[in-house]
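Working notes, beginning with the structure itself.
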Amino acid sequence: MGKILLTGGCGYIGSHTAVALLEAGMEVVIADNLSNSSRDVIDRIGTITGKKPLFYEMDVCDGEALSRLFSQEKIDAAIHFAGYKAVGESVAKPLAYYRNNLDSALTLLETMAAHGTRVLIFSSSATVYGDGTPPYQEDMRSGICSNPYGWTKWMIEQILKDAAQADPTLSVVLLRYFNPVGAHESGLIGEVPRGIPNNLMPYVSQVAAGIRDHLNVFGNDYDTPDGTCLRDYIHVTDLARGHLKALEYALDHQGTEIFNLGTGQGSSVLEVIRAFEQANQLTIPFEIAPPRPGDLPVSYAATDKAERVLGWKAEKKLEDMCRDAWNFEKKLR
Ligand code: NAD
Ligand code: UFG
């Protein structure tokens with residue numbers, strides 16, 4: 001078998017997926033411009049697995065550079081992680097988000113076509129479900145996005161569906177991630193937010209580390225059991241295993257399939273705080289703050305399709321996610 005290209009493979013989810021693929025005996029090539037990651041991730045992947053992925057430092061929007069990579073390596077499949085992902089920043093800089101996210105996807109698709117690579121896995125997001133009612137089923141109506149980041153995911157999904165429709169030899173898997181958290185149990189790779197974290201778990205970790213003095217809980221008057229929002233938090237190593245299963249499926253099928261990657265369980269913000277405190281035996285000071293604009297009260301996945309078709313199910317619990325997030329945070333300091 002040839003190699004698997006991971007665009008954005010130095011990032012949070014890509015690096016954990018690289019570990020899962022290498023441990024399954026696959027050969028991995030990473031293309032990343034390091035705009036939100038660092039080169040030492042390559043060495044860390046090597047330390048964990050005993051095998052170092054091939055690394056191309058490049059922008060995936062650069063068609064000539066990508067074509068050179070495809071000429072040098074025999075790529076059987078690509079997993080497209082590369083892109084910008086900060087929801088708030090996408091509202092402030094929509095053009096940068098449309099340019100980078102759409103351009104990288106189109107350039108990858110065109111380059112794959114020119115070099116005869118037929119299999120593509122795409123990192124989509126639960127955000128495409130918009131205002132539907134959870135549990136979100138893959139065939140529910142999507143596309144009421146509340147921010148440019150979400151729209152880029154929805155648009156790329158549509159582009160990939162159209163491409164696979166036009167070329168029946170293509171195999172496309174769209175993975176809709178819920179809320180990936182935690183880190184590899186070694187503490188060598190994990191999420192490294194730049195600046196003040198937007199997301200809950202990295203913020204809680206920084207409060208635990210004393211970098212922030214308290215957590216603001218955005219709203220406690222939602223129509224949920226304790227009034228705070230419910231999310232489907234999934235351990236990043238479970239998510240990485242999901243990519244391996246999706247890849248095996250895609251290598252064996254044609255057409256487009258969509259899979260949720262979540263646990264199917266909603267946890268509230270207060271439950272996350274409590275789980276973090278219990279798993280790590282510390283206290284997280286918090287204050288109730290006004291709701292954050294755009295937040296949905298409840299989001300969680302229907303997981304039956306991924307279980308039935310891919311034979312994949314998340315295994316790790318909220319406590320595992322909190323323990324591994326803190327283990328990684330401690331090693332950063
Ligand atoms: P990340 O920022 O850690 O990783 C993305 C990687 O892509 C980074 O290493 C960055 O340097 C690289 N990159 C960005 N633009 C590039 C370009 N033009 N050329 C080459 N490299 C480029 O993000 P992540 O959390 O690992 O997310 C991976 C993918 O999953 C993204 O597409 C993201 O939108 C999607 N996703 C993430 C989440 C989440 O909560 N983390 C949820 C749903 C979907
Ligand atoms: N929250 C706080 N305080 C914080 C940060 C978050 O109370 O400091 C709350 C939020 O209000 C929300 C929950 O914690 O109720 C989770 O928030 P995150 O920002 O961690 O996650 P979101 O569900 O808002 O966003 C995630 C991804 C996005 C994706 C979105 C929808 O980060 O990329 O899911 O799928 F678009």
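We count ligands from 1, going down the list as the structure has it; atoms in each ligand are counted the same way. Please read these numbers as outputs of a predicted model, since none were measured by experiment.
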- [ ] Please indicate whether any nitrogen or oxygen in Phe178 is less than 3.5 Å from any nitrogen or oxygen in ligand 1.
- [x] no
- [ ] Please report which non-hydrogen protein atom sits nearest to atom 26 (O) of ligand 1, along with the residue it belongs to and the distance in Å to one decimal place.
- [x] Ile13 N, 2.8 Å
Open item on the list: Would you call the rings of Trp151 and Trp154 parallel, tilted or perpendicular, taking 30° and 60° as the class edges?
Closed with: perpendicular
Open item on the list: Strictly below 4.0 Å, N to O, side chains only: are Lys317 and Asp320 in salt-bridge contact?
Closed with: no
TODO: Look at atom 33 (C) of ligand 1 and say which protein heavy atom is nearest, naming residue and atom and giving the distance to 0.1 Å.
DONE: Tyr149 OH, 3.6 Å
TODO: Number the atoms of ligand 2 from 1 as they appear, then name those within less than 4.0 Å of a heavy atom of Asn198, with their elements.
DONE: 5 (C), 19 (O)
Task: Heavy-atom check, side chain of Val28 versus side chain of Lys51, under 4.5 Å - done: no
Task: Nitrogen or oxygen atoms of Asp59 and ligand 1 under 3.5 Å apart - done: yes
TODO: Measure the shortest side-chain to side-chain distance between Pro285 and Val207 over non-hydrogen atoms and say whether it is less than 4.5 angstrom.
DONE: yes
- [ ] Please say whether Lys153 places an N or O atom under 3.5 Å from an N or O atom belonging to ligand 1.
- [x] yes
- [ ] Using distance alone, decide if ligand 1 has a nitrogen or oxygen within less than 3.5 Å of any nitrogen or oxygen in Ala82.
- [x] no
Task: Nearest non-hydrogen protein atom, atom 11 (O) of ligand 2 - done: Asp295 OD2, 2.5 Å
TODO: Give yes or no for whether the N/O distance cutoff of 3.5 Å, strictly under, is met between Phe178 and ligand 2.
DONE: no
Task: Proximal atoms of ligand 2 relative to Cys229 (non-hydrogen, under 4.0 Å) - done: 15 (O)
- [ ] Would you please classify the geometry between the His115 ring and the Phe70 ring as parallel, tilted or perpendicular, with 30° and 60° separating the classes?
- [x] tilted
Open item on the list: Between Tyr177 and His243, is the ring centroid distance below 6.0 Å?
Closed with: yes
Task: Qualifying residue, where the test is side-chain contact (heavy atoms from CB on, under 4.5 Å) with Thr117 and the options are Thr111, Leu108, Ile75 - done: Ile75
Task: Nearest protein heavy atom with distance in Å, relative to atom 28 (C) of ligand 2 - done: Val87 CG2, 4.0 Å
- [ ] Give the single entry among Arg176, Met201, Gln206, Arg231 that approaches atom 23 (O) of ligand 2 most closely by any heavy atom.
- [x] Arg231
TODO: Pull out every atom of ligand 1 sitting under 4.0 Å from any heavy atom of Ser37, numbered as shown with elements.
DONE: 8 (C), 9 (O), 11 (O)
TODO: Please report which non-hydrogen protein atom sits nearest to atom 9 (C) of ligand 2, along with the residue it belongs to and the distance in Å to one decimal place.
DONE: Val269 CG2, 3.8 Å
- [ ] Would you check if the side chain of Asn101 reaches a backbone N or O of Gly83 as a donor-acceptor pair within less than 3.5 Å?
- [x] no
Task: Proximal atoms of ligand 1 relative to Gly11 (non-hydrogen, under 4.0 Å) - done: 3 (O), 4 (O), 9 (O), 26 (O)
Task: Minimum-distance protein heavy atom relative to atom 7 (O) of ligand 1 - done: Gly8 CA, 3.3 Å
Task: Closest approach of any protein heavy atom to atom 20 (O) of ligand 2, naming residue and atom - done: Leu200 N, 2.8 Å
Task: Sub-4.0 Å atoms of ligand 1 with respect to non-hydrogen atoms of Leu34 - done: 11 (O)
Open item on the list: Within the 4.5 Å heavy-atom criterion, are Glu257 and Val309 side-chain neighbours or not?
Closed with: no
Open item on the list: Side chain, backbone, both or neither: which applies to Asn100 and ligand 1 if a contact is any heavy-atom pair less than 4.0 Å apart?
Closed with: side chain
Open item on the list: Considering non-hydrogen atoms of the protein only, which is the closest contact for atom 24 (P) of ligand 1, and what is the distance?
Closed with: Lys85 NZ, 3.7 Å
Open item on the list: With nothing but distance in play, are any N or O atoms of Ser35 less than 3.5 Å from an N or O of ligand 1?
Closed with: yes
- [ ] Can you sort out which atoms of ligand 1 are near Ser123, meaning under 4.0 Å from one of its heavy atoms?
- [x] 29 (C), 30 (O), 32 (O), 35 (C)
- [ ] Provide the number and element of each atom of ligand 2 under 4.0 Å from a heavy atom of Val217.
- [x] 7 (O)
Open item on the list: For ligand 1 and Tyr177, I'd like to know whether there is a polar contact (N/O to N/O, distance under 3.5 Å).
Closed with: no
Open item on the list: Which of the numbered atoms in ligand 2 are under 4.0 angstrom from any heavy atom belonging to Leu215?
Closed with: 3 (N), 4 (C), 8 (O)
TODO: Run the numbers for me: atoms of ligand 2, each under 4.0 Å from some heavy atom of Thr127, listed by number.
DONE: 31 (C), 35 (O), 36 (F)
Task: Closest approach of any protein heavy atom to atom 7 (O) of ligand 2, naming residue and atom - done: Phe218 N, 2.9 Å
Task: Residue part near ligand 1, for Ser124, under 4.0 Å between non-hydrogen atoms - done: backbone
Open item on the list: Can you report which non-hydrogen protein atom sits closest to atom 2 (O) of ligand 1, along with the distance?
Closed with: Asn36 ND2, 2.7 Å
- [ ] Please confirm whether Ser125 comes under 4.0 Å of ligand 2, counting heavy atoms of the residue only.
- [x] yes
- [ ] Output yes when the distance from some N or O of ligand 2 to some N or O of Tyr177 is under 3.5 Å, and no in every other case.
- [x] no
TODO: Among all protein heavy atoms, pick out the one at the shortest distance from atom 17 (O) of ligand 2; state its residue, atom name and that distance to 0.1 Å.
DONE: Arg292 NH2, 3.3 Å
Task: Name of the residue among Leu239, Thr303, Asn260, Thr127 meeting side-chain contact (heavy atoms from CB on, under 4.5 Å) with Phe178 - done: Asn260
Open item on the list: Among all protein heavy atoms in this structure, tell me which lies nearest to atom 32 (O) of ligand 2, with the distance rounded to 0.1 Å.
Closed with: Asn199 ND2, 2.9 Å
Task: Gln265, CD: over 12 other non-hydrogen atoms inside 6.0 angstrom - done: no
Task: Atom indices of ligand 2 within 4.0 angstrom of Asn216 heavy atoms, with elements - done: 2 (C), 3 (N), 4 (C), 7 (O), 8 (O)
Open item on the list: When you compare ligand 1 with Tyr84, is there at least one nitrogen or oxygen pair between them that comes in under 3.5 angstrom?
Closed with: no
- [ ] Go through ligand 1 atom by atom and flag the ones less than 4.0 Å from a non-hydrogen atom of Val60.
- [x] 17 (C), 18 (N), 19 (N), 20 (C)
Open item on the list: Check this for me - ligand 2, Asn179, N or O atoms closer than 3.5 angstrom, yes or no?
Closed with: yes
Task: Atoms of ligand 1 close to Met58 [distance to a heavy atom under 4.0 angstrom, numbered from 1] - done: 19 (N), 20 (C)
Task: Presence of salt bridge, Asp139 and Lys305, under 4.0 angstrom - done: no
Open item on the list: Would Ala31 count as a polar contact of ligand 1, with the cut-off being nitrogen or oxygen pairs under 3.5 Å?
Closed with: no
Open item on the list: Any heavy-atom pair between the side chains of Lys153 and Tyr149 that's under 4.5 Å?
Closed with: yes
- [ ] Look at atom 29 (C) of ligand 1 and say which protein heavy atom is nearest, naming residue and atom and giving the distance to 0.1 Å.
- [x] Phe81 O, 3.2 Å
- [ ] Report yes if His80 has an N/O atom closer than 3.5 Å to an N/O atom of ligand 1; otherwise report no.
- [x] no
- [ ] Would you mind checking which non-hydrogen protein atom is closest to atom 12 (C) of ligand 1, with the distance to 0.1 Å?
- [x] Asp32 OD1, 3.3 Å
Open item on the list: Would Tyr149 count as a contact residue for ligand 2, given that I'm defining contact as a non-hydrogen atom of the residue lying under 4.0 Å from a ligand atom?
Closed with: yes
TODO: Considering only NZ, NE, NH1 and NH2 on the basic side and carboxylate oxygens on the acidic side, decide whether Arg176 and Glu138 come within less than 4.0 Å.
DONE: no
TODO: Report yes or no: do Thr7 and His80 form a side-chain donor-acceptor pair below 3.5 Å?
DONE: yes
- [ ] Please confirm whether Tyr233 comes under 4.0 Å of ligand 2, counting heavy atoms of the residue only.
- [x] yes
TODO: Looking only at protein heavy atoms, identify the closest one to atom 13 (N) of ligand 1 and say how far it is in Å.
DONE: Asn33 OD1, 3.5 Å
Open item on the list: Is it true that Thr263 and Asp232 share a donor-acceptor pair across their side chains at a distance under 3.5 Å?
Closed with: yes
